[in-house]
Amino acid sequence: MASPQLQKGHTRIANEILEQISKTDLNGTQFRLLTVIWRYTYGFSRKEYEIPLSFLAEAIDSKKAHVSRELTALIDRGIIKSNGIGKRRGRVLSFNKNYEEWDQPTGQLEAPKELKKKAQKKQKYSEDNTYYKMAVYFHSKVTLVAKEVGLEHLIIKANLQSYADEFRKLIELDKVDKHLAKEVMDWVTQDSFWRSNVLSAKKLREKFTELAIKMKNSNKPNVPKQVQQADPRDKEIAFQRWIENGGDPDEFNWRE
């Protein structure tokens, strides 16, 4: 009959850790790996210990490939820390008791980092999307401007997905009409001042209201000042004064 006794050895685990682990979504292999790591770290009053994969596989009666995959998942989630390679070429492992650093402690397991990277690279706007087309159009115009003023290096690596997202915000959030947006794009890349100061979709959106106002003002036709017509009564008054001052009526200049 089995008769475990504390006197033969025990592992001290804080109740707070046990409570948090009970809320954490771990599969059976991950939980068993965790108990082995606790056993050979906390069970010997040490924070870390070199534990080879072969030892872990034997300890939980599983295959090394399976152990490697599940241990990597625990490390990726921040529950277990890998602190380098030890003298026996095994990983030096420790348990991260700061559970606030664990990824999704009460929810679904996160996708592997490789899958997350692929998801981040997935294009949000297709080439036939209106906002992407706006991005391409504006980028082509600022590219010409950048080449002319020697600033091509500023836009050579422009992210058209980011451009497209800025135009989406401009239209959907800022409620700007698409036709007005195009007019401002055309104007800003021709204006002598703004053409070298607005070389990105983000800057265009930030300055859009100011740019639209300046564009409207610059397009207003110059109305010539009206020449004020002389009042003929002014000449009559001047003639009367000329006479009163003793002037000869025949010498009064009616033309000026």
> Between Glu16 and Lys97, is there a side-chain N and carboxylate O pair less than 4.0 Å apart?
Replying inline: no
>> Once ring-ring contact (aromatic ring centres under 6.0 Å, His included) is applied, do any residues pair with Tyr131, and if so which ones, sequence neighbours excluded?
In response: none
>> Side chains of Phe167 and Met185, heavy atoms from C-beta outward: is any pair under 4.5 Å?
In response: yes
>> Show the nearest heavy-atom pair for residues Val198 and Val142, with the distance to one decimal.
In response: O-CG1, 3.9 Å
>> For Asn15, is the CG atom crowded, meaning more than 12 foreign heavy atoms sit under 6.0 Å from it?
In response: no
>> Tell me whether Arg12 at atom CZ has more than 12 heavy atoms from other residues, nucleotides or ligands lying less than 6.0 Å away.
In response: no
> Within a reach of under 6.0 Å around NZ of Lys207, are more than 12 heavy atoms found that belong to other residues, nucleotides or ligands?
Replying inline: no
> Does a side-chain N-to-carboxylate-O contact under 4.0 Å join Lys214 and Asp191?
Replying inline: no
>> Assess, by modelled atom type and distance only, whether the side chains of Tyr125 and Arg168 contain a donor and an acceptor separated by less than 3.5 Å.
In response: yes
> Going by atom types alone, do Asp165 and Tyr132 pair a side-chain donor with an acceptor below 3.5 Å?
Replying inline: no
>> Does the Lys NZ or Arg CZ of Arg205 fall within the cation-pi geometry relative to Phe208 - under 6.0 Å from the ring centre and within 45° of the axis?
In response: no
> Any luck finding a side-chain donor-acceptor pair between Asp128 and Ser126 under 3.5 Å?
Replying inline: yes
> Given the rule in the side chain to side chain donor-acceptor pair (under 3.5 Å) test, do Trp187 and Ser218 qualify, once you have shown the distances and angles that lead to the verdict?
Replying inline: CA-CA 10 Å; Trp187 177 82; Ser218 68; 3.2 Å; yes
>> Is it the case that atom CD in Glu206 sees more than 12 heavy atoms from other parts of the structure closer than 6.0 Å?
In response: yes
> Is the Tyr40 ring parallel, tilted or perpendicular to the Phe44 ring (thresholds 30°, 60°)?
Replying inline: parallel
